[in-house]
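Worksheet for the structure shown next.
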Amino acid sequence: MRNLPRRRAHASACALLAVTLTTIGIAQAQNAPAPKPAAPAAAPAGKIDNGGVLFKKVGCYQCHANEAQGGLSGPRIGPALFPWARFLDYTRKPSGEMPPYSAKVLTDQDVADIYAWVNARPRPPAVNSLPQLAP
Amino acid sequence: MVPPYRAVRELGNFHYAPSMSPKRHPPASPERRTFLQKGALAGAALVGAPAAAAAQAAAPPAAAQAPPPLTHAVESAEPEDIQVLGDNERAGSDYMIDVFKSLGFEYFFANPGSSFRGLHESLLNHGGNTAPELITCTHEENSVAMAHGFYKVDGKPIAVMAHGTVGLQHASMAIYNAWCDRVPVYVILGNHADAAIRRGAEWYHGVQDAAAMVRDYTKWDDFPWSLTHFAESAVRAYQIAMTPPMAPVVMVLDGGLQEHPISRNERLPIPRLTMPVPPAGERGAVEEVAKMLVAAENPVFVADRMARTPNGMKMLVELAEILQAGVIDQGSRMNFPSRHPLNQTQRARAAVVDADVILGLELVDYWGTVNALRDQLHRTTRRVAKTTAKLISISTGDLYIKANYQDFRRLQDVDLAIAADPEATLPALIDAVRRLVTGDRQRVFQERGAKLAQASRAAAEANRVAATFAWDASPVSVARLCAEVWNQIRNEDWSLVSSYYSNDQTNWPRRLWNFDKPYQWLGHAGGGGIGYGAPASVGAALANKKHGRLSVAIQTDGDMMYSPGVLWTAAHHKIPLLSVMNNNRQYHQEVMHVQKMCNARNRGIDRGEIGSQLSNPNIDFAKLAQSMGVYAEGPISNPNELGPALARAIAVVKKGEPAVVDVATQVR
């Protein structure tokens, strides 16, 4: 628990507990094996077009790049990388550097639209078909 | 600040000294100046005589006494106004140029300014405008950032001339960048100290202590009072700037000292430049490091500002290969070939987590290498490296630190810290390691090396695949842009002279290209001051020019907008440079920060771009470049048009000129 900001020292025991949990959360996120794509269980039907607009408007693109392919500070998140539950859960309660999106500012339906758009990104060409990427 | 007047006498010669006293000032009035001109020879003879000199030292200088006796002829004639240098005279600034030439400056970079007009003229007419040659800059920030970039290629400093007030104010951010990057820049400031003879504008351009403004982020400065004082300080400044840890230095040159004539008979020797040998690590400590490295199961080297010369990379390769140890190149210098099998930069975090011994080589942010700070509403930190990992540091950072500006980073407690220059220490470390390696250890090393090679191959392959996503998207993905550039230059003798890609995720050139020469990667701005990229790339391209290398910059839009006049400098001086715009039409990094705030405050997440956009209207960078005589194309938003446009631009660059290709890109 060293290295907490000084202000923290004055926080309630409850807050300290929360931080402890968060810290454990980070450790788990770091150690957890890469999530396996599973059947998109209970994803509400998403509107792809609206998802594209939202992806830009609420700033997902800033970190994950315009096509969700991964960018300056966020990894690639599509197409078809995460089951819906994980996608929604992480958007709400990220354990690392990603800022949280609460239901107050982004509804489940909004997230579902984004999810639909992310999953509709085109599959890339085979790497060996691209001379620009020849090793 | 200004010390009292004193007549400076050395070797029997009279030197002009900046003074607060108008009376005692040699060139105080036109009359006096005329007298000096007429009496130049006599005066020279006078000051040349030791006895007369001694007498004059005791008595107040002539100017303080009665004016020279007037003959009838003189009285009745119009005051003669001979205002040219006598045959037996030269300018103080001529001597200054002689001294600067002796230091080997190839160029002076400057936006012109009257406070150094004397030096400017001497450079052209006395120095012949060669070695140093004057490069015209449109902003002092450009002058300094160009010098910064030049040094990164050439390993030699550039002198920048600027006004001591307004010029330095313009230059200061770039000086700060150079300071943070521990890059030597030799800043020469003009200043008129003597209030009694200042012209109008010189009041605004005059200052008691010009260097004060940048003293917190320069290594040394001086304001010489005489030419002898100047020469010693000029040489000393060079030595200080170039001794690791290197940093900018400032020489303030008084206008009077530059402009006042001196006799050709004056003996003004040029001090010899002897560069101090950089400090190598103490022998016992180096042997201890060798022991730890040889015994380690998973040693990793983390190099940041390590390689000072091309030899630095060679030696690090040698050491890594003996030990088959992984290397993370944090990239402030070109420390390690990007495709070397032991290069673990693309999986740096994992390599740090695995390590049992970590050797930091001029590692600026040791703490940030072995810890992580989580940037959320409440910031938290955690250790990433094993708590049992042994940490070793070899760094000149322990030799020299300054207060106020916080570029020294958080204190990391380490097991062994050697205050020394890592490059100077590597030969001894390599020898010590060689002596300790046994056959048994060698077998362990080979196994380890094979695993590391496998891991770095996998990371490289993952990078290639990652680049295929959004391949055909418009605006163009940054990965595609970098792949297209690479495709055009891979068979050339290229040098990436600047890019804003710092971390591994978006550092597409380092993810995809084969960097194996010291001049191919030049690191970063240092202090994170935007406005570095465009001028630094022109300075670096100038350094590459004499080698015939193809200089390539990946140029961001926000950076270019600080001082685009540097494009004109590139055109005017025929500096070959391919500048490929990574034009995402925003200050993208900042948008991300504001987005984080929006999310954390939970009261609106769709306005984060306001204030950080560079659109509506879009900036036409091709037109901007063309307006300054630079070949330019774009904006290109169809990725398939990029390759041919780059090829056309490279053809122009190969003819010896700059070219800009504006590419409408995605965010990084």
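Within every chain, numbering begins at 1; the chains are lettered A, B, ... in the order of the sequence lines, protein sequences first and strands thereafter. As a basis for the values below, the full set of heavy atoms in this structure was taken, side chains included, without hydrogen atoms, waters or symmetry mates.
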Contact origin within [X] toward chain B - heavy atom pairs under 4.5 Å:
X	value
A:Pro122	neither
A:Ala134	both
A:Lys57	both
A:Leu133	both
A:Pro131	backbone

Going by the salt bridge (charged side-chain N to carboxylate O under 4.0 Å, His left out) test, name the single residue among B:Arg374, B:Lys596, B:Arg379 that passes it with A:Glu97.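 Passing option: B:Lys596.
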Do you know the tightest heavy-atom contact between A:Pro135 and B:Arg490?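 The pair with the smallest heavy-atom distance is O-NH2, 3.2 Å.
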Any chance CZ of B:Arg607 has more than 12 other-residue heavy atoms, nucleotides or ligands included, within less than 6.0 Å?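 Incorrect, the count does not exceed 12.
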Quick check: are there more than 12 heavy atoms from other residues, nucleotides or ligands sitting under 6.0 Å from CG of A:Asp49?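 At most 12 heavy atoms, drawn from other residues, nucleotides or ligands, come within 6.0 Å of this atom.
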Contacting region of B:Gln586 [heavy-atom separation from chain A under 4.5 Å]: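 Just its side chain gets close to chain A.
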Does some side-chain heavy atom of A:Asn66 sit less than 4.5 Å from a side-chain heavy atom of B:Val667?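 Yes, close enough: below the 4.5 Å cut-off.
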Any side-chain heavy-atom pair from B:His588 and A:Leu72 closer than 4.5 angstrom?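 Heavy-atom side-chain distance check passes, below 4.5 Å.
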Whether [X] side chain and [Y] backbone form a donor-acceptor pair below 3.5 Å:
X	Y	answer
A:Lys104	B:Asn602	yes
B:Gln595	A:Val58	yes
B:Gln376	A:Met98	yes

Distance from [X] atom [atom1] to [Y] atom [atom2], nearest 0.5 Å?
X	Y	atom1	atom2	answer
A:Glu67	B:Ser477	CD	OG	9.0 Å
B:Cys482	A:Gln132	SG	CD	12.5 Å
A:Ser73	B:Met592	OG	CE	4.0 Å
A:Gln62	B:Glu590	CD	CD	11.0 Å

Does A:Arg121 qualify as a cation-pi partner of B:Phe469, given the criterion of NZ or CZ under 6.0 Å from the six-membered ring centre and within 45 degrees of its axis?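 That pair does not qualify as a cation-pi contact.
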If you count heavy-atom pairs under 4.5 Å with chain B, which of [options] comes out on top?
options	value
A:Val127, A:Leu54, A:Asn128	A:Val127
A:Pro100, A:Ala68, A:Ala65	A:Pro100
A:Ser129, A:Pro94, A:Pro125, A:Pro79	A:Pro125

salt_bridge(A:Lys56, B:Glu609) N-O dist < 4.0 Å: yes
Among B:Ile605, B:Asp375, B:Asn599, side chain to side chain contact (heavy atoms under 4.5 Å, CB included) partner for A:Pro99: B:Asn599
